[in-house]
Engineer: 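After the structure tokens below, expect a handful of questions from me.
Every heavy atom of this structure was used, including side-chain atoms; hydrogens, water molecules and symmetry mates were not. Not measured: the values here are computed from a predicted model. Counting convention: from 1, in listed order, for ligands and their atoms alike.
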Amino acid sequence: MAASSAGTLITVAPTGAETAKADAPALPVTLAELVADAQACQAEGAGLVHVHVRDEAALPTLDPARLRDTVQALREATDLVVQLSTGGAVADPEADRLAVLDAQPDSASCSMGTLNFGDDVFTNRWSFIVELHGRMRDRGIGAEYELFDLGHVSALHRLLDRHGPPAGGHVHCDLVMGVPGGMPGTAAALVAAVAALPAGATWSATGVGRSTLPVALAALSAGGHLRVGMEDTLSIAPGVPTTGNPELVRRAADLARLAQRPPLTPAQAHGMLGVPAAPASPVRPTPVG
Ligand code: KMH
Ligand code: ZN
């Protein structure tokens with residue numbers, strides 16, 4: 001049985017790779033916007049930030065220098081668990097997705113299978129998943145397994161059975177629900193997926209678009225954690241654009257308090273996930289001789 005918790009980890013996914021800045025002016029796309037957003041989200045109750053970065057034209061990028069600078073800046077400005085996306089955008093090459101780990105985040109996402117993603121295909125070949133899982137473990141980077149469909153839960157069992165646990169030994173999953181091509185964002189689908197998770201795993205859930213609230217409420221009542229943010233949802237109510245990520249985090253924190261499972265602090269999030277907070281500036285060894 002998956003683990004439940006007395007508190008709620010609130011993950012914020014502020015940017016994603018799919019939305020254009022022109023369509024959502026509150027989307028954080030520059031490093032300054034992202035850092036300010038992350039600080040505000042921490043103040044509202046977030047414990048982890050799931051990061052996609054953008055280039056100078058506000059387009060998704062996996063540029064290694066930008067990723068490194070982003071990890072560093074978020075560590076300096078917040079206490080959040082810093083998680084980089086290795087999913088990137090649908091067309092990103094596998095080599096670039098693996099190279100994300102060079103930025104040495106606290107945690108990285110690991111998507112557990114291929115699926116239709118709206119009109120696109122999000123490709124995650126088995127051999128790529130195995131390679132990513134192994135490199136994350138070798139570098140001591142915590143894993144968050146992204147589960148878009150029930151078959152991805154089976155793939156996670158196969159991965160752990162054949163290739164062992166992630167760094168730190170703790171398995172944390174995120175159910176990404178309501179993607180056109182993945183499992184629906186319903187309580188029934190959530191219960192089925194949670195029942196199939198590895199024993200002792202912790203999990204959050206996110207409902208894309210209109211499934212945000214049904215999934216959040218189902219996750220809280222089933223003992224899970226929450227992921228919210230503009231990667232997944234651009235509105236706060238039907239037809240009402242969100243003012244930004246802090247508003248989405250505030251609503252999630254309110255729901256968590258209502259459920260009497262208040263938001264975990266960033267320190268508690270690091271503890272639950274088994275990913276120690278890294279120093280903001282790596283201490284360089286003194287050269288010998
Ligand atoms: N942007 C999606 C194609 C992840 O971050 O690991 C993939 C994604 C998953 O967002
Ligand atoms: Zn993502």
Engineer: Nearest protein heavy atom to atom 9 (C) of ligand 1, by residue and atom, and its distance?
Structural biologist: Ser111 OG, 3.9 Å

Engineer: For the side chain to side chain contact (heavy atoms under 4.5 Å, CB included) test, which of Leu226, Val12, Thr11 pairs with Val249?
Structural biologist: Val12

Engineer: Identify whether NZ of Lys or CZ of Arg in Arg158 sits under 6.0 Å from the centre of the six-membered ring of Trp126 and within 45° of that ring's axis.
Structural biologist: yes

Engineer: How close do His152 and Leu147 get, heavy atom to heavy atom, and via which atoms?
Structural biologist: O-CD2, 3.5 Å

Engineer: Can you pull out the closest protein heavy atom to atom 6 (O) of ligand 1? Residue, atom name and distance to 0.1 Å, please.
Structural biologist: Ser109 OG, 2.6 Å

Engineer: Checking side chain to side chain donor-acceptor pair (under 3.5 Å) against Asp254, which of Arg257, Arg251, Arg250 comes through?
Structural biologist: Arg257

Engineer: Kindly report the NE2-the Zn ion (ligand 2)-NE2 angle for His50 and His52 respectively, rounded to 10°.
Structural biologist: 100°

Engineer: Asp232 vs Thr206, test: side chain to side chain donor-acceptor pair (under 3.5 Å). Steps then yes/no.
Structural biologist: CA-CA 7 Å; Asp232 307 316; Thr206 188; 3.0 Å; yes

Engineer: Of the options Asp92, Asp96, Val100, which is the one that meets Thr86 in a side chain to side chain contact (heavy atoms under 4.5 Å, CB included)?
Structural biologist: Val100

Engineer: Counting heavy atoms only, which of Arg97, Met112, Glu231, Gln83 comes nearest to atom 8 (C) of ligand 1?
Structural biologist: Glu231

Engineer: Can an N or O of Gly88 be found at a distance shorter than 3.5 Å from an N or O of ligand 1?
Structural biologist: yes

Engineer: Starting from atom 5 (O) of ligand 1, what is the nearest protein heavy atom, named by residue and atom, and what distance separates them?
Structural biologist: Ser85 OG, 2.7 Å

Engineer: Which of the atoms of ligand 1 are close to His52, meaning less than 4.0 Å from one of its heavy atoms?
Structural biologist: 1 (N), 5 (O), 10 (O)

Engineer: Touching ligand 1 at all, Gly16? Heavy atoms, strictly under 4.0 Å?
Structural biologist: no

Engineer: Look at atom 7 (C) of ligand 1 and say which protein heavy atom is nearest, naming residue and atom and giving the distance to 0.1 Å.
Structural biologist: Phe122 CZ, 3.4 Å

Engineer: Does at least one non-hydrogen atom of Ala13 fall below 4.0 angstrom from an atom of ligand 1?
Structural biologist: no

Engineer: Answer with yes or no whether the side chains of His170 and Thr202 bring together a donor and an acceptor at under 3.5 Å.
Structural biologist: yes

Engineer: Is there an N/O/S atom in Glu146 that lies less than 2.8 Å from the Zn ion (ligand 2)?
Structural biologist: no

Engineer: Among Glu144, Gln83, His270, whose side chain to side chain donor-acceptor pair (under 3.5 Å) with Ser107 holds?
Structural biologist: Gln83

Engineer: Which residue holds the protein heavy atom closest to atom 3 (C) of ligand 1, what is that atom called, and what is the gap in Å?
Structural biologist: Glu18 OE2, 3.5 Å

Engineer: Considering only NZ, NE, NH1 and NH2 on the basic side and carboxylate oxygens on the acidic side, decide whether Arg66 and Glu56 come within less than 4.0 Å.
Structural biologist: yes

Engineer: What atom name does the N, O or S atom of Glu231 nearest to the Zn ion (ligand 2) carry?
Structural biologist: OE2

